[in-house]
Q: 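Below is a structure I'd like to ask you about.
Residue numbers begin at 1 in each chain, while the letters A, B, ... track the order of the sequences. Because the structure is predicted, anything quoted here is derived from the model rather than measured. Hydrogens, waters and symmetry mates are skipped; everything else that's a heavy atom, side chains included, is used.
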Amino acid sequence: MAATFSTALDVHCSIPNSSDKKYLKLPTKRFATFCKSPISPPNESDEPQNQNPSLSDQLKPLATTILSNTSTKQDPSQTQLLNKPKSIWVNPTRPKPSVLTLQRHKRSSYSHNPQIRDLRQFARKLNDCDTSEASILAAVLEEIPHPPTKDNSLLVLNSLRPWQKVLFFFNWVKTQKLFPVETIFYNVTMKSLRFGRQFQHVEELALEMVENGVELDNITYSTIITCAKRCNRFDKAVEWFERMYKTGLMPDEVTYSAILDVYSKLGKVEEVMSLYERGRANGWKPDPIAFAVLGKMFGESRDYDGIRYVLQEMKSLAVKPNLVLYNTLLEALGKAGKPGMARGLFENMVASGVTPDEKTLTALVKIFGKARWGRDALQLWERMKANRWPMDLILYNTLLNMCADLGLEAEAKTLFEDMKGSEQSRPDSWSYTAMLNIYGSGGNVEKAIGLFEEISKVGVKLNVMGCTCLIQCLGRAKRIDNLVKVFEVSIQRGVEPDDRLCGCLLSVMSYCEGEDSNKVLSCLQAANSELVAFVNLLEEEKTSFETINKEFRGILTETAVEARRPYCNCLIDICRNRNLTERAHELLYLGTVYGLYPGLHTKTADEWRLNVRSLSVGAAQTALEEWMETLTSIVQRQEALPYLFSANTGAGTHKFSQGLASSFSVHVEKLAAPFAQSEEKAGFFVATREDLVSWVESKGPSLSATT
DNA sequence: TTAGGGTTAG
């Protein structure tokens with residue numbers, strides 16, 4: 001290792017500040033891989049964390065200006081009291097302002113329309129018309145079989161689709177001026193517009209209602225809010241919710257849970273809980289839909305305590321979950337990494353008489369697969385077949401992915417054949433990708449190639465993930481000519497290379513030599529020429545560290561977050577396989593600085609640990625060298641040391657991590673480092689303080705110049 | 001979609 005590249009665990013740790021652009025000019029003399037706090041990856045550090053105002057800000061104006069106006073007269077004393085929450089309700093005769101009304105909106109009852117058949121037929125005729133021909137539509141309107149009275153018009157309006165027809169008919173009804181156009185007409189039209197994700201039209205209609213003095217009720221507001229939500233206009237959803245309060249209308253529980261979902265989707269957990277608790281304090285008994293909103297939110301934030309809170313609330317309020325709520329909670333428990341809880345909840349569900357549907361089973365199969373609970377997964381599968389529980393394409397594909405996770409090739413093959421013979425669930429690109437993954441990760445090259453050829457024959461579109469699986473498999477098998485062919489054919493068939501595919505090519509390159517390496521490089525050139533230019537830069541001796549840093553930062557900025565660490569790992573491997581050891585150390589340092597290896601080194605009073613589980617073989621070797629050098633200088637300076645040192649490679653249970661422990665072991669021997677594989681804990685290498693100190697002493701004072 | 005709210009795929 002170059003003498004200029006001495007790392008130190010303890011000295012010269014000027015940790016760069018992510019907001020300080022000066023950190024781009026890194027020190028070149030002393031690197032400190034093991035003393036950095038991770039810095040946000042380059043393109044994330046500049047972005048504001050949250051552009052949305054908090055709900056406490058949102059609710060402040062509501063609490064002080066709107067909620068207090070529920071009594072018609074403005075009462076300054078009340079406004080003042082509202083600012084002091086502890087002494088709000090001095091006057092017990094005044095009703096408490098609430099956040100929601102416990103009364104649902106009452107619907108007007110339908111009376112039977114004797115002309116229903118004629119009107120439905122008329123609606124069908126309109127539906128069959130070409131929307132683009134306004135004159136034809138207008139002509140059909142003249143054929144309306146009965147006068148467009150309020151009831152008749154409403155019946156037709158309810159039977160029309162898509163939204164263009166509904167809007168056309170609604171506008172026509174308005175021009176007829178046979179009756180005042182009431183709220184329900186707007187509501188029906190808005191619902192259709194929501195289905196077509198036409199928020200702009202919805203908002204225009206809402207403003208028209210305001211202008212014409214047509215009342216906006218809870219149905220109107222909830223439709224506006226959910227339409228805004230579906231169109232990703234969360235700002236508008238909040239705006240209309242606030243507007244509702246301002247007009248003095250209280251949301252009912254439907255509107256309330258709709259807005260809870262809006263805040264949840266904005267990631268505003270505290271605000272959702274604040275609204276939830278305020279609702280509860282107002283005597284609201286949340287229903288399964290409200291709990292589904294909370295459950296989903298806590299699942300998304302992987303918050304197990306939150307999910308437990310939801311379960312507890314449901315229990316204490318005696319709310320019986322329905323199918324959707326069960327599905328949501330199962331999904332949430334899966335995301336929170338609680339397969340045992342999910343299994344228990346599923347058993348409760350079946351025991352309580354709720355029959356699982358495709359979504360239930362998809363959630364559970366995914367959970368068991370990810371947890372590698374093979375026995376549970378297979379038992380569930382048997383129950384699915386025995387009970388003839390419903391299957392759909394997504395469930396089939398999830399089962400295939402589970403087989404991939406558990407290495408169940410024969411079972412996957414059976415399932416895949418079942419799918420080919422089925423009416424509803426013919427294999428699609430996801431199914432083929434799962435099978436390519438199964439054959440590819442099992443090293444079954446011929447079967448994987450056969451599947452690749454089959455895809456185009458059956459007319460299924462190849463996707464980038466399937467292509468990546470196959471290329472990985474061919475690379476491992478050193479079938480480079482096949483790999484190039486597959487890459488070229490995939491591009492011809494419209495596959496657009498993504499960062500994972502590039503990472504896969506880069507990884508193949510790292511263990512290829514000579515002509516093979518050039519062949520893979522030419523594929524990578526077509527997919528990501530900047531990456532190839534960077535590899536060339538690494539190989540040039542004259543390239544300075546500053547240039548490497550600048551270019552690497554540029555590459556990371558352009559790369560999807562999940563592909564950044566694999567890129568860094570592969571680039572380090574490439575350097576090591578080409579005897580560019582110093583470059584490998586520079587890249588590991590940069591990877592640490594840019595937060596690609598969080599927790600690489602952890603310290604407690606008793607133990608210092610090097611965690612290389614997420615590193616490639618070359619990166620782990622590089623990290624070990626860095627660490628040994630750092631420890632050496634600490635020993636030489638006679639500073640305080642813990643009792644135990646350990647390195648964690650992982651035991652290799654994951655299909656791709658096998659081999660890291662053994663290659664690490666070889667490198668430990670090569671460096672004659674004092675670590676031994678732990679007998680108690682698989683995947684751990686350990687050394688005591690004494691081992692380390694005597695090792696350093698035996699090496700003599702010039703170690704750092706010799707490694 | 002039949003006047004309003006919640007759930008499935010690397």
Q: Rounded to the nearest Å, what distance is computed from the CZ atom of residue A:Phe185 to the P atom of nucleotide B:dT2?
A: 17 Å

Q: Please determine, for the side chain of A:Arg104, which listed nucleotide (B:dG5, B:dG6, B:dG10) has the closest atom?
A: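 When the side chain of A:Arg104 is considered, B:dG5 is the closest of B:dG5, B:dG6, B:dG10.
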
Q: So, for A:Tyr432 and A:Phe416, is the gap between ring centers shorter than 6.0 Å?
A: yes

Q: For B:dG6, does OP1 or OP2 lie under 4.0 Å from any side-chain N or O of A:Lys265?
A: no

Q: Side chain of A:Arg161, heavy atoms from C-beta onward: which of B:dT2, B:dA9, B:dG5 has the nearest atom to it?
A: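 That would be B:dT2.
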
Q: Rounded to the Å, how far apart are A:Asp151 CG and B:dT2 P?
A: 19 Å

Q: Check if the side chain of A:Thr328 and the base of B:dT7 share a donor-acceptor pair of N or O atoms closer than 3.5 Å.
A: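 Per atom types, no contact qualifies.
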
Q: Look at the side chain of A:Ser192 and decide which nucleotide, out of B:dA3, B:dT1, B:dG5, has an atom nearest to it.
A: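 Looking only at side-chain atoms, A:Ser192 lies closest to B:dT1.
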
Q: Considering only heavy atoms and no angle criterion, is a donor-acceptor pair shorter than 3.5 Å present between the side chain of A:Asn322 and the base of B:dG6?
A: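 Between B:dG6 and A:Asn322, which were checked side chain against base, a qualifying N/O pair under 3.5 Å is present.
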
Q: Taking B:dG6 as the reference, what is the distance to B:dT1 when you measure between their P atoms (whole Å, please)?
A: 14 Å

Q: Hey, does A:Asp498 reach any base, or is it just sugar-phosphate, or nothing, if we go heavy atoms under 4.0 Å?
A: nothing

Q: Between B:dA9 atom P and A:Met391 atom CE, what is the distance in whole Å?
A: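 Rounded to the whole Å, the gap is 16 Å.
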
Q: Roughly how many Å is it from NZ in A:Lys359 to P in B:dA9, rounded to a whole number?
A: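 A:Lys359 atom NZ is separated from B:dA9 atom P by 10 Å.
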
Q: Students often get this wrong, so: under 4.0 angstrom with heavy atoms, is A:Ser222 touching a base, only sugar-phosphate, or nothing?
A: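 Base, at least one base heavy atom under 4.0 Å.
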
Q: What residue pairs, at least two apart or across chains, pass ring-ring contact (aromatic ring centres under 6.0 Å, His included) with a residue in residues 181-203 of chain A?
A: A:Trp163-A:His201, A:Phe170-A:Tyr186, A:Phe179-A:Phe185

Q: Angle between ring planes, A:Tyr263 versus A:Phe241, binned at 30° and 60°: parallel, tilted or perpendicular?
A: perpendicular

Q: Under 4.0 Å between a side-chain N or O of A:Lys370 and OP1 or OP2 of B:dA9?
A: no

Q: Given B:dG6, B:dG10, B:dG5, which nucleotide is nearest the side-chain atoms of A:Val324?
A: B:dG6

Q: Are the charged groups of A:Arg233 and A:Glu203 less than 4.0 angstrom apart, N to O?
A: no

Q: Ring stacking, A:Trp430 with base of B:dG10, under 5.5 Å and under 30°?
A: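 It does: the ring sits over the base of B:dG10.
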
Q: Applying a 4.0 Å non-hydrogen cut-off, can you work out what A:Thr226 is touching in the nucleic acid: base, sugar-phosphate, or nothing?
A: sugar-phosphate

Q: Of the options B:dG6, B:dA3, B:dG10, whose atoms approach the side-chain atoms of A:Arg500 most closely?
A: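 My answer, after comparing the listed nucleotides, is B:dG10.
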
Q: Is any side-chain nitrogen or oxygen of A:Asn327 closer than 4.0 Å to OP1 or OP2 of B:dG6?
A: no

Q: Nearest to the side chain of A:Ile184, which nucleotide is it out of B:dA3, B:dG6, B:dT2?
A: B:dA3

Q: Using a 6.0 Å cut-off, check whether atom CD of A:Glu347 has over 12 heavy atoms from anything other than its own residue.
A: yes

Q: Could you check how far CZ of A:Phe298 sits from C1' of B:dT7, rounded to whole Å?
A: 17 Å

Q: Categorize A:Asp392 for me: base, sugar-phosphate, or nothing, with a 4.0 angstrom heavy-atom threshold over every strand shown.
A: base

Q: From the list B:dG10, B:dT2, B:dG5, which nucleotide is the closest neighbour of the side chain of A:Arg120?
A: B:dT2

Q: Charged N to carboxylate O below 4.0 Å: is that the case for A:Lys236 and A:Glu239?
A: yes

Q: Kindly point out which of B:dT2, B:dG6, B:dG5 is positioned nearest to the side chain of A:Asn158?
A: B:dT2

Q: What is the nucleic acid contact for A:Thr255, judged by heavy atoms within less than 4.0 Å: base, sugar-phosphate only, or nothing?
A: base

Q: Can you identify which nucleotide, out of B:dG5, B:dT1, B:dT8, has its nearest atom closest to the A:Lys229 side chain?
A: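 Of B:dG5, B:dT1, B:dT8, B:dG5 is nearest to the side chain of A:Lys229.
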
Q: So, does the side chain of A:Asp287 form a donor-acceptor pair with the base of B:dG5 at under 3.5 Å?
A: yes

Q: For the residue pair A:Glu242 and A:Tyr245, establish whether any side-chain heavy-atom pair is separated by less than 4.5 Å.
A: no

Q: What integer distance in Å separates A:Phe368:CZ from B:dT8:C1'?
A: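 Rounded to the whole Å, the gap is 16 Å.
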
Q: Whether A:Arg124 contacts B:dT2 is assessed here as follows: a side-chain N or O lying under 4.0 Å from the phosphate OP1 or OP2. Is that the case?
A: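 No, because none of the side-chain N or O atoms of A:Arg124 sits under 4.0 Å from OP1 or OP2 of B:dT2.
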
Q: So A:Asn397, base contact, sugar-phosphate only, or nothing? Heavy-atom distance under 4.0 Å.
A: base

Q: Nearest to the side chain of A:Arg194, heavy atoms from C-beta on, is which of B:dA9, B:dT7, B:dG5?
A: B:dG5

Q: Classify A:Leu160 by what it touches in the nucleic acid, base, sugar-phosphate, or nothing, heavy-atom distance under 4.0 Å.
A: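 Contact class for A:Leu160: none.
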
Q: Taking only side-chain nitrogens and oxygens of A:Arg230, does any of them come within less than 4.0 Å of OP1 or OP2 of B:dG6?
A: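 Yes, because at least one side-chain N or O of A:Arg230 sits under 4.0 Å from OP1 or OP2 of B:dG6.
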
Q: Could you pull out all residues at least two apart from A:Glu253 that satisfy side-chain contact (heavy atoms from CB on, under 4.5 Å)?
A: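 Once residues adjacent in sequence are excluded, the partners of A:Glu253 under the side-chain contact (heavy atoms from CB on, under 4.5 Å) criterion are A:Leu100, A:Arg104, A:Trp284, A:Asp287.
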
Q: Can you check the A:Asp217 CG to B:dG5 P distance for me, whole Å?
A: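 My rounded result for the distance is 13 Å.
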
Q: In whole angstrom, what separates A:Leu157's CG from B:dT1's P?
A: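 Result: 16 Å.
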
